[in-house]
Amino acid sequence: MSAVRGVAGASRALQHDELTSDSTPATAEPGISYAIGRLQTLVFAAITERVAPYGLTTLQFTSLSVLNRHGTPLSNSQLARRSFMTPQSMHEVIKRLEGEGLIKRNPHPDHARKLLATLTAKGRRVLAECEAAVAEWEETLLEGFSEEERAAFLRMIKCAVNNVHGGFEDPGPAAEDRR
């Protein structure tokens with residue numbers, strides 16, 4: 001019952017604000033940040049739904065994708081940064097992926113205590129199936145976009161990410177040493 005009162009109270013407060021607000025008028029169009037946030041929520045939910053049948057979470061799928069795209073073994077901290085996770089969270093993801101036989105870890109040639117993760121053959125197969133399921137959903141997302149618009153959309157997203165220093169480019173070994 002308190003939840004109903006809470007929603008009703010919030011609705012009344014919103015109506016009151018709309019009636020008494022002296023600030024700028026509400027716009028019909030959402031801001032860019034809101035639209036991107038909304039899209040991110042929908043993308044995360046769609047990926048979650050599509051990778052779950054393969055026994056993965058979205059974060060596990062992301063980690064496998066990052067390993068695949070990078071092409072060379074990555075340490076826990078490198079994989080965490082590229083997957084937008086804390087090293088502690090990545091530790092749990094790696095433990096699960098390794099337990100499922102989707103990745104293997106080997107000692108770094110120069111730093112024996114540092115373990116580098118790579119995809120196994122099973123990991124590549126599962127990732128390929130998940131990527132196909134996600135790509136199918138992306139077709140729905142981009143329905144009505146021409147090939148040129150799809151390419152431009154991706155370029156704009158990448159540019160925006162790079163503008164706020166969250167880039168897709170590999171920062172290189174020197175940047176890794178500074179972290």
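For reference, positions follow the sequence shown, starting with 1.
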**Asked** Side chains of Leu64 and Asn68: closer than 4.5 Å at any heavy-atom pair?
**Response** no
**Message:** Rounded to the nearest 0.5 Å, what separates atom CG in Leu74 from atom OG1 in Thr72?
**Reply:** 5.5 Å
**Prompt:** Do Ser65 and Val134 have side-chain heavy atoms sitting under 4.5 Å apart?
**Reply:** no
**Message:** Starting from Ile32 and following side-chain heavy-atom contacts under 4.5 Å between hydrophobic residues (I, L, V, M, F, W, Y), which residues can be reached?
**Reply:** Ile36
**Asked** Of the non-hydrogen atoms in Val93 and Ser63, which two are nearest, and what is the gap between them?
**Response** CG1-OG, 3.6 Å
**Prompt:** Does a donor on one side chain and an acceptor on the other come within less than 3.5 Å for Ser89 and Thr86?
**Reply:** yes
**Message:** Hydrophobic cluster membership, with links at side-chain heavy-atom distances under 4.5 Å among I/L/V/M/F/W/Y: are Leu42 and Val161 in one?
**Reply:** no
**Item:** Glu149 side chain vs Ser146 backbone, donor-acceptor pair below 3.5 Å
**Value:** yes
**Message:** According to a hydrophobic-cluster definition based on side-chain heavy atoms being under 4.5 Å apart (Ile, Leu, Val, Met, Phe, Trp, Tyr only), do Val66 and Ile94 belong together?
**Reply:** yes
Show me the donor-acceptor pairs within less than 3.5 Å that the side chains of residues 136-144 make with the rest of the protein, sequence neighbours left out.
residue	atom	partner	partner atom	Å
Glu139	OE1	Arg150	NH1	3.2
Glu139	OE1	Arg150	NH2	3.2
Glu139	OE2	Arg150	NH1	3.0

**Message:** Just by distance, no angles: are the side chains of Ser75 and Gln78 close enough, under 3.5 Å, to form a donor-acceptor pair?
**Reply:** yes
**Asked** Is Val43 linked to Met85 within one hydrophobic cluster, defined over Ile, Leu, Val, Met, Phe, Trp and Tyr using a side-chain heavy-atom separation of less than 4.5 Å?
**Response** yes
**Asked** Side chains of Thr62 and Phe84: does their closest heavy-atom pair fall under 4.5 Å?
**Response** no
Which side-chain N or O atoms in residues 97-107 pair as donor and acceptor under 3.5 Å with protein atoms at least two apart or in another chain?
residue	atom	partner	partner atom	Å
Glu98	OE1	Arg105	NE	3.2
Glu98	OE1	Arg105	NH2	3.3

**Item:** Lys95: partners by salt bridge (Lys or Arg N to Asp or Glu O under 4.0 Å), with sequence neighbours left out
**Value:** Glu92
**Item:** Point-to-point distance, once rounded to the nearest 0.5 Å, from NE2 of His70 to CG of Leu119
**Value:** 12.5 Å
**Asked** Any idea which heavy atoms bring Asn76 and Pro87 closest together, and the distance?
**Response** OD1-O, 3.5 Å
**Prompt:** Once you round to the nearest 0.5 Å, how far does CD of Gln60 lie from SG of Cys130?
**Reply:** 10.0 Å
**Complete:** Note: Ala117 and Leu67 closest approach over all heavy atoms is O-CD2, 3.3 Å
What donor-acceptor contacts under 3.5 angstrom involve side-chain atoms of residues 45-56, with partners at least two apart or in another chain?
residue	atom	partner	partner atom	Å
Thr48	OG1	Phe44	O	2.8
Thr48	OG1	Thr58	OG1	2.5
Arg50	NH1	Ala46	O	3.1

**Request:** State which residues pass ring pair (Phe, Tyr, Trp, His ring centres under 6.0 Å) with His108; sequence neighbours excluded, sorted by chain then number.
**Result:** His111
